[in-house]
Amino acid sequence: MTTSLQGVVPAIIDTHIHQWDPFTTPREASRLAPLYRRAPRLFERLLPVLLPLPKRELVLTAQHVARAYLPEDYAHDTAETLEAVGVPVEAAVHVQAGWHGPDQSAETAWLETLPFGASGRPALAAVMGNADPRDPGCGDLLDAHLRASERFRGVRFMTTWHPDRGVLDWIDEPGVMTSPAFLRGFAAIAERGLSFDAYVYSHQLPEVVTLAQEYPDTTIVLDHYAPPVGVCGPMGRSTARTDGERRDLLARWRDDIAHLAGSCPNVVAKHSGLAFPTLGHRERGLTRQQLAERVAPLVEHTTEVFGPDRLLFGSNFPMDKSVAAYGVVVGALADLLAGGGPDLLRKVFRDNARAVYRL
């Protein structure tokens, strides 16, 4: 039985999307995007040569990262929610997406030029920009973000690091979030009343505990369940190769995320990245039921330990698009949460986003 949000919320607020244009802004894909545009089928066949294993497993296909993804593209994807769950997407939170220019606040300024909200498109509700707390100039950069947009609400600085060299790292060393430089520099975020999106792998959850307890008055948002890499299938060179390894991975994740939720009331969690390839998804075009069955252990446990007031919905589009359509992602999550009743659904799909990101 499929779940409808009609009568529960007037519309959805999506707390995790990415916008980019590799042709007009500085992105990692800017070098290869012209090649993809000229010969997309050849590019896909050459993907094993053009991209190393960690990046191939992250994106599965170049289709969604070597092309622009802008408000009209997002509006096209979200149109599915009316049929899937009975309500539209009203607004979205943009989360930093690999701006390769020297001034990270330029991404925030660029977002303000995009036609969000026009012609029935979802609005831009908030912006989470990039800033490295270890940088002595972090405070000045945050002020530049704030000047660039009245929607700027905080920072996501990605610190994922994995011992398997076949899994993509977004930082060059482990333990960054608990380093003295990071913990000192984080004060610039806290002093401005900003929030922080934490993106770590599951074995790094204790680092989030340390940070959250050091800054108990700062809201920290956990992205993508702190993905237990490979829990849905093998990843990298040697990660989660057997059913037993995946069971052990899930068991450790369950314990660590429960500890985080129980010991750090200033941490909230996103139901985001349900179709993120990093979990070990390899098939494309999963159905609503297939996706729900795969991620049920993550969704159900996170809901149990964080409770209804500390959960948000995020689509992680277009990164999840290679595995499942937007309506499938929203529908699968709604189906898994339906047992918690309309109050839980309303908070996850709308109300908590308004509170956490001060909309």
Side-chain angles (χ1 to χ4, degrees), residues 1-19 71 73-95 116-128 151 153-154 195 197 219 221-225 268-275 287-289 291-292 295-296 298-300 302-318 320-321 324-359:
M1 182 176 178
T2 58
T3 301
S4 173
L5 298 179
Q6 194 169 26
V8 178
V9 294
I12 293 166
I13 298 176
D14 183 345
T15 66
H16 203 105
I17 73 163
H18 304 299
Q19 297 278 278
D73 304 298
Y74 180 65
H76 180 269
D77 288 337
T78 59
E80 299 178 358
T81 62
L82 278 172
E83 182 176 353
V85 293
V87 298
V89 174
E90 174 185 325
V93 177
H94 176 275
V95 180
F116 282 100
S119 304
R121 298 171 186 138
L124 178 63
V127 175
M128 296 297 290
R151 297 176 178 86
R153 293 293 184 271
S195 62
D197 267 44
T219 297
V221 183
L222 187 69
D223 290 349
H224 311 333
Y225 305 102
V268 301
K270 284 182 184 176
H271 280 307
S272 62
L274 278 76
T287 68
R288 181 168 175 163
Q289 182 177 354
L291 182 61
V295 299
L298 302 180
V299 172
E300 291 168 357
T302 299
T303 301
E304 178 183 355
V305 299
F306 276 95
D309 295 318
R310 296 163 64 196
L311 296 166
L312 309 165
F313 160 67
S315 67
N316 195 34
F317 257 56
D320 283 24
K321 190 175 178 178
Y326 196 98
V328 167
V329 171
V330 173
L333 180 60
D335 292 345
L336 288 169
L337 297 179
D343 188 55
L344 174 64
L345 291 168
R346 185 180 66 254
K347 289 181 176 182
V348 170
F349 282 102
R350 185 177 177 87
D351 289 0
N352 291 346
R354 295 177 63 84
V356 169
Y357 288 113
R358 308 180 302 285
L359 306 182

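Below, all heavy atoms of this structure are taken into account, side chains as well, without hydrogens, waters or symmetry copies. Throughout, residue positions are numbered sequentially from 1 according to the sequence presented.
A distance of 10.0 Å separates OH of Tyr326 from CD of Glu80, quoted to the nearest 0.5 Å. In this structure, CD1 in Ile17 is found 7.0 Å from CG in Leu124, a value given to the nearest 0.5 Å. Atom CG of Leu291 is separated from atom CG of Leu336 by 8.0 Å, given to the nearest 0.5 angstrom. Between Glu300 atom CD and Leu337 atom CG the span is 9.0 Å, to the nearest 0.5 Å. Expressed to the nearest 0.5 Å, how far CG of Leu345 lies from OG1 of Thr3 amounts to 7.0 Å. Remark: Ile13 CD1 to Phe313 CZ distance equals 11.5 Å, nearest 0.5 Å.
Residues passing the salt bridge (Lys or Arg N to Asp or Glu O under 4.0 Å) test with Arg121: none are found, sequence neighbours excluded. Checked against side chain to side chain donor-acceptor pair (under 3.5 Å), Ser195 has no partners two or more places apart in sequence or in another chain. Looking at residues two or more places apart in sequence or on another chain, you find a side chain to side chain donor-acceptor pair (under 3.5 Å) between Thr303 and His271. The salt bridge (Lys or Arg N to Asp or Glu O under 4.0 Å) search around Arg346 returns Asp343, Asp351, not counting sequence neighbours. Listed by chain and number, the residues in a salt bridge (Lys or Arg N to Asp or Glu O under 4.0 Å) with Asp14 amount to none (sequence neighbours excluded). Listed by chain and residue number, His16, Tyr199, Phe276 satisfy the ring pair (Phe, Tyr, Trp, His ring centres under 6.0 Å) test with His224 (two or more places apart in sequence, or in another chain). Applying the side chain to side chain contact (heavy atoms under 4.5 Å, CB included) rule to Ala355 yields no partners; only residues at least two apart in sequence or on another chain are considered. Looking at residues two or more places apart in sequence or on another chain, you find a side chain to side chain contact (heavy atoms under 4.5 Å, CB included) between Asp73 and Tyr69, Leu70. Here Ser4 pairs with Gln6 under the side chain to side chain contact (heavy atoms under 4.5 Å, CB included) rule; sequence neighbours left out.
When every heavy atom of Ala324 is checked against every heavy atom of Val329, the shortest pair comes out as CB-CG2, 4.1 Å. Phe116 and Pro122 get closest at one heavy-atom pair: CD2-O, 3.5 Å. Considering all non-hydrogen atoms of both residues, Thr15 and Ala353 come closest at CG2-CB, 3.5 Å. Here the closest heavy-atom approach between residue Lys270 and residue Asp197 is recorded as NZ-OD2, 2.7 Å. Between Phe317 and Ala325, the closest heavy-atom pair is CZ-C, 3.7 Å. For the pair Ala334 and Leu5, the tightest heavy-atom approach, listed with the atom from each and the gap, is CB-CD2, 4.5 Å.
Screening residues 1-11 for salt bridge (Lys or Arg N to Asp or Glu O under 4.0 Å) gives no qualifying pairs among residues at least two apart or on separate chains. Within the structure, the salt bridge (Lys or Arg N to Asp or Glu O under 4.0 Å) test picks out the following pairs touching residues 302-316 (sequence neighbours left out): Asp309-Lys347.
Residues Val221 and Met128 form no side-chain contact, since every pair of their non-hydrogen atoms from C-beta on lies 4.5 Å or further apart. The shortest distance between side-chain heavy atoms of Phe306 and Val268 does not fall below 4.5 Å. Counting only heavy atoms from C-beta outward, the side chains of Leu311 and Leu344 approach each other to under 4.5 Å.
A distance-only check finds no donor-acceptor pair linking the side chain of Asp320 to the backbone of Ser272 [under 3.5 Å]. The closest donor-acceptor contact from the side chain of Thr302 to the backbone of Val299 lies at 3.5 Å or more, if one exists at all.
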Exercise answer: donor-acceptor pairs, residues 87-95 side-chain atoms, under 3.5 Å, sequence neighbours excluded:
unit_1: Glu90; atom_1: OE1; unit_2: Arg350; atom_2: NH1; d: 2.6
unit_1: Glu90; atom_1: OE1; unit_2: Arg350; atom_2: NH2; d: 3.2
unit_1: His94; atom_1: NE2; unit_2: Gln19; atom_2: N; d: 3.3

Just do the side-chain contact (heavy atoms from CB on, under 4.5 Å) check on Leu359 and Arg151 with the steps written out, would you?
-> CA-CA 8 Å; Leu359 306 182; Arg151 297 176 178 86; over 6 Å; no
